[in-house]
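I have placed the structure first, in the form of structure tokens, so that the comments after it can refer back to it.
Throughout, a chain's letter reflects where its sequence line sits, starting with A, and its residues are numbered from 1.
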Amino acid sequence: MPEHSKSSHAPFARNISGQIVDIEQVPRGDACQCFCIQCGGALLARKGEINAHHFSHKPADSGNAGNLTGCVGALESAIHAAAKQLLETEGGLYIPDLIRSKEDVSRTIAGSLVKFGIVEAEKTIFSEEKYIRPDVMASIGDDPLAIEIVVANPVGTDKRNFYKKNGISCVEIDLRSLRDAFKHGESLNWDGLRRLLLEDGGSKEWVFHSRSAELDRQIDEEIERIKALEKTKVKETSFSSGEAFIRQSFQGEMPLIIGKEQSGLLHGLNPEQRAAVELPAQSALILAGAGSGKTRVLTTRIAYLISNGQVSPHGLLAVTFTNKAAKEMVTRLSAMLPINTRGMWIGTFHGLCNRMLRAHHREANLPQTFQILDSGDQLSAIKRLMKAMNVDDEKYPPREMQHFISGNKEQGLRAHEVEAYDPYTRRKIEVFAEYDTQCQREGVVDFSELLLRCYELLARNQALREHYQERFKHILVDEFQDTNPLQYRWLKLLAGQSNALFAVGDDDQSIYAFRGANVGNMQELLRDFHVESVIKLEQNYRSHGNILDAANALIANNRERLGKNLWTDADKGEQIRVYEAGTDVDEAAFIVEEIKQLNREGVHLTEMALLYRSNAQSRVLEHALVSAGLSYRVYGGLRFFERQEIKHALAYLRLMENTDDDNALLRIINFPTRGIGARSIEQLQEAAKQYNTTLWDAAARAGGKITAFVGIIEALRSATKDLPLPEIMEHVLEHSGLVPHYQNETGAKKREAQERLENLNELINSATLFVHENEDDSLTSFLTHASLESGEHQAGDSEDALHLMTVHAAKGLEFHTVFITGVEEGLFPHQNSIDNGDLDEERRLMYVAITRARRRLYLTCAQSRMLHGKTNYSAVSSFLRELPEALLHWITPRFTARKTFDNGRRETESYVSAFGGTPSIPAPPSPKSTWRIGQAVFHQKFGEGVVTDSEGSGNEGRVQVNFKRAGSKWLALEYAKLTPI
DNA sequence: AGCGTAAATGTTTTT
DNA sequence: CATTTACGCT
């Protein structure tokens with residue numbers, strides 16, 4: 001960390017850095033916990049009791065010599081006392097990692113104050129105006145980290161009086177005017193500020209304060225006072241921890257939140273969980289089976305570290321894969337500890353990388369307002385590029401290109417690092433390289449670029465790397481088995497030599513290999529971090545015994561496991577219910593009946609989930625649910641921010657923020673139609689290519705209708721310049737012509753347009769919500785939110801509704817009752833996986849699905865299913881056969897009697913008996929055929945299969961059979977020896 | 001240019 | 001089946 005260049009108190013200057021005041025959630029009169037950013041010291045103070053010795057330090061012998069620690073605060077009067085201390089010691093925040101650039105300094109100050117809980121607290125006290133007293137010192141050198149800002153905390157009436165009484169002059173400044181002033185590119189320094197205040201012309205009561213000899217003297221005095229106190233304390237005892245120190249300070253009479261909380265934290269943990277939580281500060285791997293309290297261990301660990309004084313909330317980094325998981329962690333943490341979780345580094349890999357890249361956009365060579373491409377955007381960018389490069393999209397399917405590019409980035413490889421032994425790959429690499437250039441030119445990054453760029457930033461910039469390494473003493477990773485090589489390298493880089501990486505994962509739940517996840521990272525972790533303690537959490541608190549036994553039996557079929565067997569104290573519970581329906585519609589009908597019954601028995605709809613392998617399956621289920629009048633929510637699938645009209649609206653905003661974003665420009669240049677046709681766009685692209693500029697620049701030079709378009713964007717931009725986000729949104733929707741466009745729809749499209757209008761309205765709502773929930777309410781921030789959290793928050797969360805989702809989306813969740821639907825060979829396991837011969841991941845997926853259930857589990861399948869407009873016939877999933885017969889209860893009658901199920905041979909039986917007299921048989925399209933479609937058959941050579949089509953009749957005909965092992969084949973009945981089974 | 005209709009094509013899981 | 005592309009007409 002850079003020295004505080006302006007301070008005359010070199011050793012004390014560090015004290016100024018990083019105070020946190022966590023005021024929220026502390027009840028009046030109670031003690032509150034405080035932390036020091038630098039050394040992680042935790043201290044305690046009671047409202048009104050804050051004075052120098054409570055607010056001091058960790059003793060010099062605790063390994064943090066020279067670091068005086070944070071100040072403390074509690075609500076109301078306490079914060080004023082804290083503020084007093086802060087100001088007396090020239091207090092403020094040192095926030096190097098939040099500062100983006102000179103231009104952005106002002107916003108950073110405002111944002112940080114809010115983040116660190118200071119302004120937040122003030123808001124509750126002085127609800128109208130937010131004041132800060134910035135004693136601003138910005139010295140900006142070549143080193144990005146040399147940007148140093150010290151801001152005092154906010155000034156309220158009481159504090160102003162305090163200054164007056166003490167003869168200290170101060171500056172009062174409205175955050176908004178500060179922000180505005182620096183919007184125009186002025187650099188933030190003392191002179192600039194002074195000029196700004198003078199220009200204000202006395203509309204406010206500005207009082208200036210500059211560092212004076214008098215103030216310096218006061219500071220010296222204070223330091224001496226603190227030091228003296230410190231000495232006496234240290235002499236009396238040596239403190240092994242912050243807690244001991246605090247106990248000592250209060251001589252036992254203080255009700256210790258820390259002590260209470262801590263024992264509360266560990267309460268109810270089993271020995272393994274507890275061991276994991278209490279591990280010393282070293283790297284560790286926790287193998288946590290499904291339902292073993294993984295999230296609990298992770299959050300408790302964080303709470304433990306913090307309350308134990310081992311680390312401050314700002315000194316740790318917690319990474320998850322989904323926003324949902326991150327949110328969950330934050331929520332639980334807030335419940336455990338009276339701390340302000342805002343500003344903590346808890347988030348997804350992508351979210352955290354984004355945060356770092358925004359903070360250091362310059363070092364990362366990105367524009368401040370860089371936009372994020374979701375996979376759809378990425379694909380269209382690739383298509384566009386390939387067209388420009390004249391790459392044959394028959395030979396190089398864009399999707400494959402996309403996979404190639406993302407895949408390599410996930411391995412941490414840039415185009416020039418990919419090995420190529422054939423011209424085909426070399427060509428792909430050329431596209432890859434050109435794609436990156438294009439993104440750079442347009443100021444956009446895709447998902448994997450977010451990670452790679454951040455990794456490279458840290459790898460190349462020593463100062464930054466060391467800064468973050470210094471800061472994040474503890475790094476915690478959720479779902480570690482899902483990390484890809486790049487993410488692992490990123491973690492390694494941040495962990496450095498000495499930081500502790502606490503990884504929680506379950507190799508049996510690794511279901512994201514398809515997007516680059518590498519379970520091998522678990523072994524690498526053990527090696528790279530010299531992990532001595534692998535703790536296995538095997539007690540399951542979620543499911544009844546039969547469900548767990550089924551899961552264990554299934555997963556035992558996988559090789560190369562780290563080895564783990566879940567057990568439970570709970571009863572065996574019910575058997576697993578298995579139902580084979582004739583068609584997907586019947587399957588859905590059965591499920592609906594069961595749900596109704598369960599609901600009558602008192603199981604809430606929210607406690608039930610319908611899981612499926614692929615999103616397409618939800619359609620039939622939804623249909624049945626709607627007709628039955630059951631309310632449900634579909635998770636995943638088509639997300640809010642991915643809807644066409646939303647994407648259009650966002651494209652306008654993106655283009656306003658960053659005119660280089662060609663993707664956004666192309667999306668809206670002629671939507672709503674304004675007479676710019678394909679030909680014009682082509683010309684525009686050619687012009688851009690010729691002058692090597694972005695489309696926007698070319699458009700600015702073009703004429704006619706294109707000029708009009710440029711005019712629209714510029715008009716939007718200038719009209720919304722000073723508006724708050726929701727109003728920007730509203731203005732843009734109206735004046736871009738989007739809303740009028742949909743309003744003018746008539747006839748057949750009217751209904752659809754109506755829905756789109758509602759969605760656009762919802763977009764304004766989400767902007768309003770966003771402004772309320774986030775301190776950084778800039779447009780860029782909202783756009784980032786839209787790309788990274790593609791609409792998780794949906795209305796109706798509180799409603800009692802069923803959950804419909806893919807198995808992937810269900811990971812981490814649990815329900816009383818789970819229906820796993822479409823348990824068919826070719827669907828689950830998916831055909832592609834069967835073809836690739838990689839059934840293990842599918843099996844893990846089934847394992848995840850099974851272990852979601854607490855009490856009741858249904859496995860349902862259908863003999864025939866409409867898929868992509870065609871009827872498919874498939875056999876029961878082979879996974880079903882891997883489950884012990886004793887655990888299963890076949891609801892479909894014809895299977896209950898089938899004892900020989902295990903050896904693969906079945907008796908011939910008509911379908912009719914299977915469905916209790918009301919069968920729904922797939923009608924054979926060719927009645928002449930003796931072989932019914934959907935009939936299970938056995939072939940001498942190819943094994944088991946299902947008839948999927950037929951031609952002709954008798955011995956002259958032939959049938960198509962989909963064999964489990966050998967795939968689909970046409971067989972002539974004259975020769976093929978098929979046996980019905 | 002822009003619209004409408006017909007044909008073709010693709011389809012796992014996700015930040 | 002749902003979405004994209006192709007083509008032909010105004």
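- A:Arg399 has a side-chain polar atom (N or O) that falls below the 4.0 Å cut-off from OP1 or OP2 of B:dT11.
- Between the P atom of B:dT14 and the NZ atom of A:Lys324 lies a distance of 10 Å, rounded to the nearest Å.
- A:Glu479 places its CD atom 13 Å from the C1' atom of B:dT14, with the value rounded to the nearest Å.
- Rounded to whole angstrom, the span from the CG atom of A:Leu486 across to the C1' atom of B:dT15 amounts to 13 Å.
- The ring of A:Phe514 lies on top of the base of B:dT13, close enough and flat enough: under 5.5 Å between centres, under 30° between planes.
- A:Leu867 places its CG atom 16 Å from the P atom of B:dG10, with the value rounded to the nearest Å.
- The side chain of A:Thr806 contributes an N or O atom lying less than 4.0 Å from OP1 or OP2 of B:dT14.
- A side chain to side chain contact (heavy atoms under 4.5 Å, CB included) with A:Phe641 is found for exactly one of A:Leu788, A:Leu783, A:Asp374, A:Leu763, namely A:Leu763.
- For the C1' atoms, the distance linking B:dT12 with C:dT5 amounts to 24 Å, nearest Å.
- Taking the side chain to side chain contact (heavy atoms under 4.5 Å, CB included) definition, one finds that A:Val391 meets it with A:Met386, A:Met389, A:Tyr396, A:Arg427, A:Val431, sequence neighbours left out.
- Contacts of A:Tyr512 with the nucleic acid, taken as non-hydrogen atoms under 4.0 Å apart, involve only primed sugar atoms and P, OP1 or OP2.
- Residues A:Arg679 and A:Leu845 both approach DNA chain B. Their nearest nucleotides, taken by heavy-atom distance, put A:Arg679 toward the 5′ side.
- Residues A:Lys294 and A:Asp478 are paired through a salt bridge, judged by an N-O separation under 4.0 Å between the basic side chain and the carboxylate.
- Heavy atoms of A:Ile676 sit under 4.0 angstrom from primed sugar atoms or phosphate atoms, though from no base atom.
- Following rounding to the nearest Å, A:Asp835 (CG) and B:dT11 (P) show an atom-to-atom distance of 15 Å.
- Legend: residues meeting side chain to side chain contact (heavy atoms under 4.5 Å, CB included) with A:Ser781, ordered by chain and number and at least two apart, are A:Phe770, A:Asp776, A:Ser778.
- A:Glu394 has its CD atom 13 Å from the C1' atom of B:dG10, to the nearest Å.
- With sequence neighbours left out, the salt bridge (charged side-chain N to carboxylate O under 4.0 Å, His left out) criterion links A:Glu686 to no other residue.
- Counting any heavy atom pair closer than 4.0 Å across all strands shown, A:Asn670 reaches sugar-phosphate atoms only and no base atom.
- Side-chain N/O atoms of A:Thr673 include one lying less than 4.0 angstrom from OP1 or OP2 on B:dC3.
- When the nearest nucleotides of DNA chain B are assigned to A:Asn832 and A:Ser787 by heavy-atom distance, the more 5′-ward of the two goes with A:Asn832.
- Near DNA chain B, defined here as any heavy-atom distance below 4.0 Å, the residues from residues 610-619 of chain A are A:Arg613, A:Ser614, A:Asn615, listed numerically.
- A stacked arrangement is not assigned to A:His808 and the six-membered base ring of B:dT13, the conditions of a centre distance below 5.5 Å and an interplanar angle below 30° not being jointly met.
- Residue pairs satisfying the salt bridge (Lys or Arg N to Asp or Glu O under 4.0 Å) criterion with at least one member in residues 402-413 of chain A, sequence neighbours excluded, are listed as follows: A:Lys409-A:Asp436, A:Lys409-A:Asp446, A:Lys409-A:Glu449.
- Looking at heavy-atom distances under 4.0 Å, A:Ser680 makes contact with sugar-phosphate atoms alone, never a base.
- Contact annotation for A:Phe447: base contact, defined as any heavy-atom pair under 4.0 Å involving a base atom.
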Begin with the C-alpha distance, continue with both residues' side-chain angles, and end with the deciding distance and a verdict on salt bridge (charged side-chain N to carboxylate O under 4.0 Å, His left out) for A:Asp393 and A:Lys383.
CA-CA 8 Å; A:Asp393 59 0; A:Lys383 279 183 187 162; over 6 Å; no
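- Between the P atom of B:dT13 and the CD1 atom of A:Ile820 lies a distance of 17 Å, rounded to the nearest Å.
- Taking the salt bridge (charged side-chain N to carboxylate O under 4.0 Å, His left out) definition, one finds that A:Glu657 meets it with nothing, sequence neighbours left out.
- As rounded to the nearest Å, C:dT4 and B:dT13 have C1' atoms that lie 23 Å from one another.
- A straight line from CZ of A:Arg674 to C1' of B:dA1 spans 14 Å, rounded to a whole angstrom.
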